[in-house]
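As structure tokens, the structure follows; a few thoughts come after it.
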There are 2 protein chains.
Amino acid sequence: MDDARTRLIESTRELLWERGYTGTSPRAIQERAGVGQGSMYHHFAGKADLARAAIRSTAQEMVPRSRAHLEGPGTPLERLRAYLRAERDALRGCRVGRLVQDAEVVADASLREPIDEVFSGTLQRLAAVLREGQAAGEVRADVDAGQVAAALLSVLQGAYVLARAHQDPARFTAAVEGVLALVAAPR
Amino acid sequence: MDDARTRLIESTRELLWERGYTGTSPRAIQERAGVGQGSMYHHFAGKADLARAAIRSTAQEMVPRSRAHLEGPGTPLERLRAYLRAERDALRGCRVGRLVQDAEVVADASLREPIDEVFSGTLQRLAAVLREGQAAGEVRADVDAGQVAAALLSVLQGAYVLARAHQDPARFTAAVEGVLALVAAPR
DNA sequence: GTCTATAGGAGGATAGAC
DNA sequence: GTCTATCCTCCTATAGAC
């Protein structure tokens, strides 16, 4: 049986995903966690403190997932495809990317930093695989791997936006397939 | 001299951009517009009604801008570059894309539809230019124009996310240049 | 058209009892 | 550790006077 602290973090993670930081209230967190007011303020200093714990937790969770694909088996291009095509909940959006739209998150360094770090790490791993792919002749060699890595990560983040705007997960897939087609070296 | 109605829409547009729908209050709108409570509720039925007017206004404004680049002078590839490299406030985010992260916006069809339409229109124009470029040999011919159009628009939307996450506009530029390099047919 | 008054509820947090 | 009481402000809107 989970303790109150754990349940509070978990419900905060969910609410941050669904409603964002501004849209998430301590009251809602407590209710979803089934935890009282006093308990919440015993374990955490307040909303920002809880969000900090929740964001760190979510961010940490994403690292092994991207590594599993990008540093897994297969040729470099196969690994890129595996990562980009990994199952994602297109209509729900990115648990992490979603948060940086929020002015209050960006204004608070301790909330923004964990996000900054996940993206930086992913960017580096993507660039490394791209360079491998270039060496292997699978990926176009006449492009800058760092810039293309940024483009790939941006496609994922932006694809969520398109999918939500149209309320259609197919938009997500289209964008991903579009950029994958471009990355592969022409035959 | 602007009337109250106009100023209300304008201040709502600004606040939606800065704080999102959930983070924008009628009170803040009135203060920024220099308009009283009674005046606001005289001209608009409430927050959602104001947001509807503001979102429509912002969305309408974006159409001629994209057309200016995509249907302007130059070769197809030059026009794509002009559009993607057009000056954007990377750290502020997209006036329109930003809104779609907001659960309340997505839940209200009358708020989401104007956004849906801008994106759909842009997507079609991008795809058309891409096909022109393919015919002209400037753009890789072995890719699906519709998918690549989705990828291009996603890069823009996602590049805002990266720039905000790192608080660095250079991330935006890197992503854009990365995808532009990929779109051009290899020599 | 615009102003002021009013209102019930939510947001975010503190205090002290148990 | 958790509960209840309490607090002040903001949110969003309505009512009615001017």
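Note on naming: letters A, B, ... go to the chains in the order of the sequence lines (proteins, then strands), and numbering restarts at 1 for each one.
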Rounded to the nearest Å, what distance is computed from the [atom1] atom of residue [X] to the [atom2] atom of nucleotide [N]?
X: B/I29; N: D/dC10; atom1: CD1; atom2: P; value: 16 Å
X: A/E31; N: C/dA10; atom1: CD; atom2: P; value: 9 Å
X: A/R5; N: D/dT2; atom1: CZ; atom2: P; value: 12 Å
X: B/Y41; N: C/dT4; atom1: OH; atom2: P; value: 16 Å
X: A/L50; N: C/dG11; atom1: CG; atom2: P; value: 15 Å
X: B/Q37; N: D/dC18; atom1: CD; atom2: P; value: 19 Å
X: B/K47; N: D/dA13; atom1: NZ; atom2: P; value: 8 Å
X: B/L15; N: D/dC11; atom1: CG; atom2: C1'; value: 14 Å

Would you say B/T22 and A/R19 are linked by a side-chain donor-acceptor pair, where the criterion is simply a distance under 3.5 Å?
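The answer is no; no qualifying pair exists.
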
Are [X] and [N] close enough that a side-chain N or O sits under 4.0 Å from OP1 or OP2?
X: A/S39; N: D/dG1; result: no
X: A/H43; N: D/dT2; result: yes
X: B/R27; N: D/dC11; result: yes

Give a yes or no on whether the backbone of [Y] and the side-chain of [X] come within a donor-acceptor separation of less than 3.5 Å.
X: A/R140; Y: A/V183; result: no
X: B/E138; Y: B/A184; result: no
X: B/R56; Y: B/P114; result: no

When you measure from the side chain of B/H42, which nucleotide among D/dT2, C/dG1, D/dA13 comes out closest?
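My answer, after comparing the listed nucleotides, is C/dG1.
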
Hey, which of these two, A/G23 or A/A45, hits DNA chain C nearer its 5' end, going by closest nucleotide?
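Its nearest nucleotide being more 5', the pick is A/G23.
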
Checking all strands, does A/T22 fall into the base, sugar-phosphate, or nothing category for heavy-atom contacts under 4.0 angstrom?
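Nothing, no heavy atom under 4.0 Å.
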
Going through the distances and angles, do A/S120 and B/R171 end up as a side-chain contact (heavy atoms from CB on, under 4.5 Å)?
CA-CA 11 Å; A/S120 290; B/R171 300 277 183 160; 3.8 Å; yes

